[in-house]
Amino acid sequence: MKDTLHGIFADTLNRLRDQGVLPANTTIDVRFEQPRQKDHGDLATNVALTLAKSAGMPPRELAHSITEALPDTPLIRKVEIAGPGFINIFVAPAAQFDVVKRIRREGEHYGRCGLGEGRRVLIEFVSANPTGPLHVGHGRGAAYGDTLGRVLTAAGYDVEREYYVNDSGRQMDILALSIWLRYLQACGQSLAFPNLAYQGDYIKQIAAQLRQSDGDAFIRTLDETHLKQLGADNETSLDALIKWMRDLLGNADYQTVLGTGRSRLLDDIRSDLEEFGVSFDRWLSEQSLRDSGALERTIKRLQQSGHTYEKDGALWFRSSDFGDEKDRVVVRESGMPTYFAPDIAYHLNKFDRGYDLMIDVLGADHHGYIPRVKASVQACGYESSRLHVKFVQFAVLYRGGKKISMSTRRGEFVTLRELREEVGADAARFFYVQRKPDQHLDFDLDLAKSQSNDNPVYYVQYAHARICSVFEQARDRGMEARVPDDAALEVLGEEHELDLAKLLTRYPDVVANAARNFDPHQIVYYLRELANGLHTYYNAHRFLESNIERRNARLALIDATRQVLFNGLSMIGVSSPSSM
RNA sequence: GCGCCCAUAGCUCAGUUGGAUAGAGCGUUGGCCUCCGAAGCCAAAGGUCAGAGGUUCGAAUCCUCUUGGGCGCGCCA
């Protein structure tokens, strides 16, 4: 319907241009929106306002010329000029319900569009270090990234999801050390556990598993000086301990300890995300970039770009050439690359793979890091504008009105798994996606759990279940519960019915807009509106009435509503129960 | 100190390429089940869109400044 109107207006404006009312170079771009107020019509456009200046006439006068030139169409009941020059269109009631047929025809495809034109998009998200289980902060990134993927897919993009595994470097050494020390403790050795090592109980579990699979293979004799360092609470001692461990274990045993921890934690992360409805097309390992030589090649490539120099024995990248506030070290004085180096390699790898669009979903604490990453890809000759970064703020949990304090370092944090077990995956996803990612999120556990009208998840799901229940009722009463395809929609026309149809019409725009702005939360707000539209209609009218024609028309309308509720809930990864 | 993000109803937040009288949920108050699911609906109350300038037909939205919060600024990751 909107498309048809769009065509009518475009034709009309083109005609006016040919007639010389509008200048020859005018670009015709008509947009319609649903006005907030009903007396402003069903759709309104501000073309007369936007074109007034170039046409050299007052907006209202131009609006008058446009409406005069509009052809007769059964679609439009009435056209009015209002305010400074808005053209308000009152659509014929019968045309409003065409959307019902379209939804019933398109089913799960209703809401999709060709906005993306098949462009390839890579979304990298979560990418939590495999040094522990995912916590609720990662959960938000997971929900956002996955939902964004679903939205972009619906909008016609070719989406790939990727998890970048930071499985090399010092943090993995600390992981190995933590596991090994717990292992030694489990083998009966009495030793202190460093505060800077990973504290969580999961480390003990991995150590126990190691002992079960490899017995006493990793027991080593300890010496006094290192035993003392276990109690020292500083990074230098930790590095000394790591070196000590690697010497004592030898490379093969060290790799076994590390590899066991790495794979165990990644398995845990993977299954956690699967249960959360999040899956990835690719898990790309940092270590693999080192092993394949990509890291070395990247450093060479950067040097060849002419944007590096040596200072104090280190290799610097002149990122300030590209707007970064200062230059960055890529290779340390010691010859070891900084953490920045593999990240450059990873991003070049992404660009090399030829995506039209790349989206990094990162924790908000990484924002200062982006200018140097963009600088590095630019230095290597790529358009950094193809890389978009969305920052996700941390979620703060509340229970009983009180903030739950968390500390990753102390191993005191609520895991994503615990959250799912407590409130359920549906509520968790709904609450996460409800907010714009760059806003702080107050996550009220009591509210997410409550099976009451306070809980927005149930509110939307209830609307879906309610419709299913109506059809159930119809069957029980021996009515024909299948809606005939030729249901006479023209018998509809109650105000609530028109409101609902308008809401249904909006859905594809909502999806397109969410995709355009990378803002999945718009889906959530829309679903609440749609659920409200259904509930209101439900309370005002009976569907299962004796007039068969009207009953079927109403069933067709609410079945279309059910479909859109389902499509929208699926889009955010939440289930659509038929009863609750 | 410099940079990025943010400030909308008592609380939590929508409001996106600048549009008409700024919306929703919660909370408060008052109504609605002999009737398809009351996990629902209806109504009322609640605002200097942090403040001050500017841009224009028109600003919560764009620009500048001020105030008040969050984060970042390492040869850590």
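Order of the sequence lines fixes the chain letters, A, B, ..., with proteins taken first and strands second; residue numbering starts at 1 for each chain.
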Pairs counted only when both distances fall under 3.5 Å, Watson-Crick or G-U: show me the 5' to 3' dot-bracket for RNA chain B, [ ] for pseudoknotted crossings and | for other-strand partners.
(((((.(..((((.....[...)))).(((((.......))))).....(((((..]....)))))).)))))....
Toward the 5' end of RNA chain B, by each residue's nearest nucleotide, Arg332(A) or Lys326(A)
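Between the two, 5'-proximity favours Lys326(A).
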Is any side-chain N or O of Asn517(A) under 3.5 Å from a base N or O of U17(B), one able to act as donor and the other as acceptor?
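Answer is no: no donor-acceptor pair is held.
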Distance-only donor-acceptor test, Tyr339(A) side-chain atoms vs A77(B) base atoms, 3.5 Å:
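Flag set: donor-acceptor pair detected.
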Value in whole Å for how far the P atom of G15(B) lies from CD of Gln34(A)
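Whole-Å distance recorded here is 17 Å.
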Send over the distance from Asn532(A) CG to G23(B) C1', rounded to a whole Å.
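Atom CG in Asn532(A) sits about 12 Å away from atom C1' in G23(B).
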Sugar-phosphate, base or nothing in reach of [X], heavy atoms under 4.0 Å:
{"X": "Glu472(A)", "result": "nothing"}
{"X": "Tyr538(A)", "result": "base"}
{"X": "Arg516(A)", "result": "nothing"}
{"X": "His496(A)", "result": "nothing"}
{"X": "Ser334(A)", "result": "nothing"}
{"X": "Arg528(A)", "result": "sugar-phosphate"}
{"X": "Asp343(A)", "result": "nothing"}
{"X": "Met580(A)", "result": "base"}
{"X": "Arg551(A)", "result": "nothing"}

Any side-chain heavy-atom pair from [X] and [Y] closer than 4.5 angstrom?
{"X": "Leu565(A)", "Y": "Leu530(A)", "result": "yes"}
{"X": "Phe518(A)", "Y": "Ile359(A)", "result": "yes"}
{"X": "Ile370(A)", "Y": "Leu362(A)", "result": "yes"}

Taking only nitrogen or oxygen atoms into account, show me every contact under 3.5 Å that the protein makes with nucleotides 68-72 of chain B, one pair per line with its distance.
from   : atom 1 : to        : atom 2 : distance (Å)
C71(B) : O2     : His367(A) : NE2    : 2.8

Sequence neighbours left out, what pairs pass salt bridge (Lys or Arg N to Asp or Glu O under 4.0 Å) with at least one residue falling in [range]?
{"range": "residues 519-538 of chain A", "value": "Arg506(A)-Glu529(A)"}
{"range": "residues 132-141 of chain A", "value": "none"}
{"range": "residues 456-474 of chain A", "value": "Glu472(A)-Arg475(A)"}

Non-neighbouring partners of [X] that pass side-chain contact (heavy atoms from CB on, under 4.5 Å), sequence neighbours left out:
{"X": "Ser334(A)", "result": "Arg332(A), Met336(A)"}
{"X": "Glu61(A)", "result": "Met57(A), Pro58(A)"}
{"X": "Asp499(A)", "result": "Lys38(A), Glu495(A)"}

Just by distance, no angles: are the side chains of Glu162(A) and Tyr346(A) close enough, under 3.5 Å, to form a donor-acceptor pair?
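Note: Glu162(A) and Tyr346(A) side chains meet the donor-acceptor criterion.
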Any side-chain donor paired with an acceptor under 3.5 Å for Thr147(A) and Arg429(A)?
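Short answer, yes.
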So, is [X] close to the [N] phosphate, meaning a side-chain N or O under 4.0 Å from OP1 or OP2?
{"X": "Tyr459(A)", "N": "C41(B)", "result": "yes"}
{"X": "Arg435(A)", "N": "G25(B)", "result": "no"}
{"X": "Thr536(A)", "N": "C42(B)", "result": "yes"}
{"X": "Asn539(A)", "N": "C32(B)", "result": "no"}
{"X": "Lys436(A)", "N": "U16(B)", "result": "no"}

Name every residue in residues 310-317 of chain A that has at least one heavy atom under 4.0 Å from any atom of RNA chain B, in order of residue number, or write none if there are no such residues.
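Correct list: Lys311(A), Asp312(A), Ala314(A), Trp316(A).
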Enumerate the residues from residues 460-469 of chain A whose closest heavy atom to RNA chain B is under 4.0 Å, giving them by residue number; use none for an empty result.
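The answer is Tyr462(A), Ala465(A), Arg466(A), Ser469(A).
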Report, one pair per line, the protein and nucleotides 18-21 of chain B atoms (nitrogen or oxygen only) whose separation is under 3.5 Å.
from   : atom 1 : to       : atom 2 : distance (Å)
G19(B) : N7     : Asn46(A) : ND2    : 3.1
A20(B) : OP2    : Arg36(A) : NH1    : 3.2
A20(B) : N6     : Asn88(A) : OD1    : 2.6
A20(B) : N1     : Asn88(A) : OD1    : 3.2
A20(B) : N1     : Asn88(A) : ND2    : 3.1
U21(B) : N3     : Gln37(A) : NE2    : 3.1
U21(B) : O4     : Gln37(A) : NE2    : 3.1

Within 6.0 Å of NE2 in His64(A), more than 12 heavy atoms from elsewhere
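Counting other residues, nucleotides and ligands, NE2 of His64(A) stays at 12 neighbours or fewer.
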If the test is ring pair (Phe, Tyr, Trp, His ring centres under 6.0 Å), which one of Tyr432(A), Tyr398(A), Phe394(A) qualifies with Phe443(A)?
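Of the listed options, the one satisfying the test is Tyr432(A).
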Is His347(A) reaching over with its side chain to a backbone N or O of Asp343(A), donor-acceptor style, under 3.5 angstrom?
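Yes, the answer is positive, given that a donor and an acceptor are paired below the 3.5 Å cut-off.
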With no hydrogens and no angle check, is any side-chain donor or acceptor of His535(A) less than 3.5 Å from a backbone partner on Tyr459(A)?
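Yes, His535(A) side chain to Tyr459(A) backbone: donor-acceptor pair under 3.5 Å.
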When the [atom1] atoms of [M] and [N] are compared, how many Å lie between them, rounded to an integer?
{"N": "U56(B)", "M": "A50(B)", "atom1": "P", "value": "23 Å"}
{"N": "G10(B)", "M": "G27(B)", "atom1": "C1'", "value": "8 Å"}
{"N": "C26(B)", "M": "U21(B)", "atom1": "P", "value": "28 Å"}
{"N": "C2(B)", "M": "U8(B)", "atom1": "P", "value": "25 Å"}
{"N": "U17(B)", "M": "C13(B)", "atom1": "P", "value": "23 Å"}
{"N": "U66(B)", "M": "U29(B)", "atom1": "C1'", "value": "40 Å"}

Out of [options], which nucleotide sits closest to the side chain of [X]?
{"X": "Gln473(A)", "options": "G74(B), G37(B), G15(B)", "result": "G37(B)"}
{"X": "Asp438(A)", "options": "C36(B), C75(B), C5(B)", "result": "C5(B)"}
{"X": "Tyr525(A)", "options": "A77(B), A14(B), C42(B)", "result": "A14(B)"}

Kindly indicate, with the supporting measurements, whether the criterion salt bridge (charged side-chain N to carboxylate O under 4.0 Å, His left out) is fulfilled by Lys78(A) and Glu80(A).
CA-CA 7 Å; Lys78(A) 187 173 64 165; Glu80(A) 282 179 357; 3.3 Å; yes
Those residues that, when tested against Asn166(A), pass side-chain hydrogen bond (donor to acceptor under 3.5 Å, both in side chains) (two or more places apart):
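Asn166(A): side-chain hydrogen bond (donor to acceptor under 3.5 Å, both in side chains) contacts with Glu286(A).
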Is the ring pair Phe317(A)/Phe340(A) parallel, tilted or perpendicular, if the boundaries are 30 and 60 degrees?
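Aromatic pair Phe317(A)/Phe340(A) classed tilted.
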Classify the ring geometry of Phe32(A) against Phe9(A): parallel below 30°, tilted from 30° to 60°, perpendicular beyond 60°.
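Answer is perpendicular, since the angle exceeds 60°.
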Syn/anti label of C65(B) as read from its glycosidic torsion, with the cut at 90° from 0
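C65(B): anti glycosidic orientation.
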